[in-house]
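In what follows, chains are A, B, ... by sequence order, proteins preceding strands, each numbered from 1.
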There are 2 protein chains.
Amino acid sequence: MAEQEGACLIRGDGGAALRAVLDRIADKWALLIVATLDRRRLRFTDLRRELPAVSQRMLTRTLRNLERDGLVSRTAHREVPPRVEYALTATGRSLLAPALVLARWAREHGAELER
Amino acid sequence: MAEQEGACLIRGDGGAALRAVLDRIADKWALLIVATLDRRRLRFTDLRRELPAVSQRMLTRTLRNLERDGLVSRTAHREVPPRVEYALTATGRSLLAPALVLARWAREHGAELER
DNA sequence: CCGCATCCACCACGATACTG
DNA sequence: CAGTATCGTGGTGGATGCGG
C-alpha cells in the first residue's frame with residue numbers, strides 16, 4: 001500500500017517535480033560537490049584538491065548552478081589575493097539524506113546493473 | 001555522525017557508484033516508466049497510453065536501456081498480432097523506495113529551487 | 001587565486017516516416 | 001501491435017588558453 005502510494009507520488013504530476021530535481025542534481029558532479037561540502041566551508045582551491053577528477057571548468061559551472069538553485073552559498077571576500085568560500089545552505093544540507101539513500105541503493109544493487 | 005558517515009558513503013569511490021546509478025535513471029523518462037510498472041505488467045501500447053508525453057522512440061529506447069540494466073523484463077509472445085509485455089524485475093522494484101525518497105524531497109523542497 | 005572564453009566531440013531527445 | 005530508420009537540435013563536458 002505504501003508502495004502503491006509511492007508510485008502515485010512519483011507519477012503524480014507526470015513526473016515533472018521529480019525530473020526538475022533530477023535535472024539539477026543528476027549531472028556528473030553536483031551531488032559529489034554537495035557531499036564534499038557536508039559540514040564544511042571550503043575554498044575553491046580546497047574543492048579542487050578534494051575532487052581532482054573535476055575539471056576547473058566543470059567545478060565553476062556546477063558551483064554556479066548549485067548557487068543559482070539555492071543549494072550552495074558563495075562568499076567572495078574582497079581581499080588580495082581573492083578568497084572565495086562555498087558552503088551548503090539549509091536546502092543543500094537537506095538534500096544529503098535523499099542522496100544517501102540513493103548511494104546505499106547503489107552499493108547494494110549496483111552489481112546487479114549489468115555492463 | 002550519521003550524516004558525516006553519509007557524506008563518506010557518497011564520496012567513497014569518488015562518487016562513481018552513485019554516478020553509475022544516476023547515469024541510468026536520471027534521463028527524462030526512466031524513473032517514470034519504472035513507477036508506471038509498479039505492481040503491473042503492461043504491454044507497449046498500455047505504456048504509451050499511460051505516458052502520452054513520451055514519444056514512441058524514447059519509450060522504446062528507455063525500455064531497452066532498462067532491460068539492459070536489469071531493471072525491467074521484456075516478454076515477447078510469438079503471436080499474431082504481436083504481444084510484448086514489460087514488468088519490473090526484483091532489482092527494478094527495489095529502486096522504487098529510493099526514488100520515492102527523492103520524490104518526497106522534490107515535493108518538500110522543490111519550491112526552494114529557484115527559477 | 002579564482003575564475004571566464006573558446007573550440008569541439010558526444011549523446012539525449014524529438015519529429016517524422018516507414019515496417020513485419 | 002510493436003517497433004526501426006533517419007534527420008536535426010540543444011546541452012553537457014573535456015582541453016586549452018587568457019584575465020583580474
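- In this entry the distance linking CG of A/Asp23 with C1' of C/dC13 reads 12 Å, nearest Å.
- Nearest approach of B/Ala35 to A/Ile10, heavy atoms of both residues: CB-CG2, 3.6 Å.
- Grouped with A/Val80 in a hydrophobic cluster is no other residue, since no side-chain heavy-atom contact under 4.5 Å to another Ile, Leu, Val, Met, Phe, Trp or Tyr is found.
- Whole-Å rounding puts the B/Arg61 CZ to C/dG14 C1' distance at 11 Å.
- Between chain A and DNA chain D, the heavy-atom contact criterion of under 4.0 Å yields a 5' to 3' nucleotide range of D/dT12 to D/dG20.
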Sequence neighbours left out, cut at 3.5 Å: what donor-acceptor pairs do the side chains of residues 56-66 of chain B make with other protein atoms?
| from | atom 1 | to | atom 2 | distance (Å) |
| --- | --- | --- | --- | --- |
| B/Thr60 | OG1 | B/Gln56 | O | 3.1 |
| B/Thr62 | OG1 | B/Met58 | O | 2.6 |
| B/Asn65 | OD1 | B/Arg68 | NH2 | 3.0 |

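- Hydrophobic clustering of Ile, Leu, Val, Met, Phe, Trp and Tyr side chains at less than 4.5 Å, counting indirect connections, unites A/Leu113 with A/Leu102.
- B/Leu59 places its CG atom 14 Å from the P atom of C/dA15, with the value rounded to the nearest Å.
- Atom-to-atom, CD of A/Glu67 to C1' of C/dC4 comes out at 15 Å; the value is rounded to the nearest Å.
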Nucleotide N/O of nucleotides 5-8 of chain C paired with protein N/O under 3.5 Å:
| from | atom 1 | to | atom 2 | distance (Å) |
| --- | --- | --- | --- | --- |
| C/dT6 | O4 | A/Arg57 | NH1 | 2.9 |

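- One atom, CG of A/Leu63, and another, P of C/dC4, lie 10 Å apart when rounded to the nearest Å.
- Note: CD (A/Glu85) to P (C/dG3) measures 12 Å, nearest angstrom.
- Here OG of A/Ser55 is found 9.0 Å from NZ of A/Lys28. Values are rounded to the nearest 0.5 Å.
- If you find the closest nucleotide of DNA chain D to A/Gln56 and to B/Gln56, the one lying nearer the 5' end belongs to B/Gln56.
- When rounded to the nearest whole Å, the span between CZ of B/Arg48 and C1' of C/dA15 equals 12 Å.
- Annotation for A/Arg83: atom CZ counts as buried by contact number, over 12 foreign heavy atoms lying within 6.0 Å.
- Within residues 28-35 of chain B, no residue has any heavy atom closer than 4.0 Å to DNA chain D.
- Using a 4.5 Å heavy-atom threshold, the side chains of B/Leu31 and A/Leu18 count as touching.
- Contact annotation: the side chain of A/Arg104 approaches that of B/Leu9 to within less than 4.5 Å [non-hydrogen atoms, C-beta and beyond].
- Applying the salt bridge (Lys or Arg N to Asp or Glu O under 4.0 Å) test to pairs two or more places apart or on separate chains, those with a residue in residues 7-19 of chain B are A/Glu50-B/Arg11.
- A straight line from CG of B/Leu22 to P of C/dA12 spans 15 Å, rounded to a whole angstrom.
- A donor-acceptor pair shorter than 3.5 Å cannot be found between the side chains of B/Glu85 and B/Thr75.
- Within 4.0 Å (heavy atoms only), B/Arg64 reaches sugar-phosphate atoms of the nucleic acid but no base atom.
- B/Arg49 has a carboxylate O that lies under 4.0 Å from a charged side-chain N of B/Asp46, or vice versa, which qualifies the two as a salt bridge.
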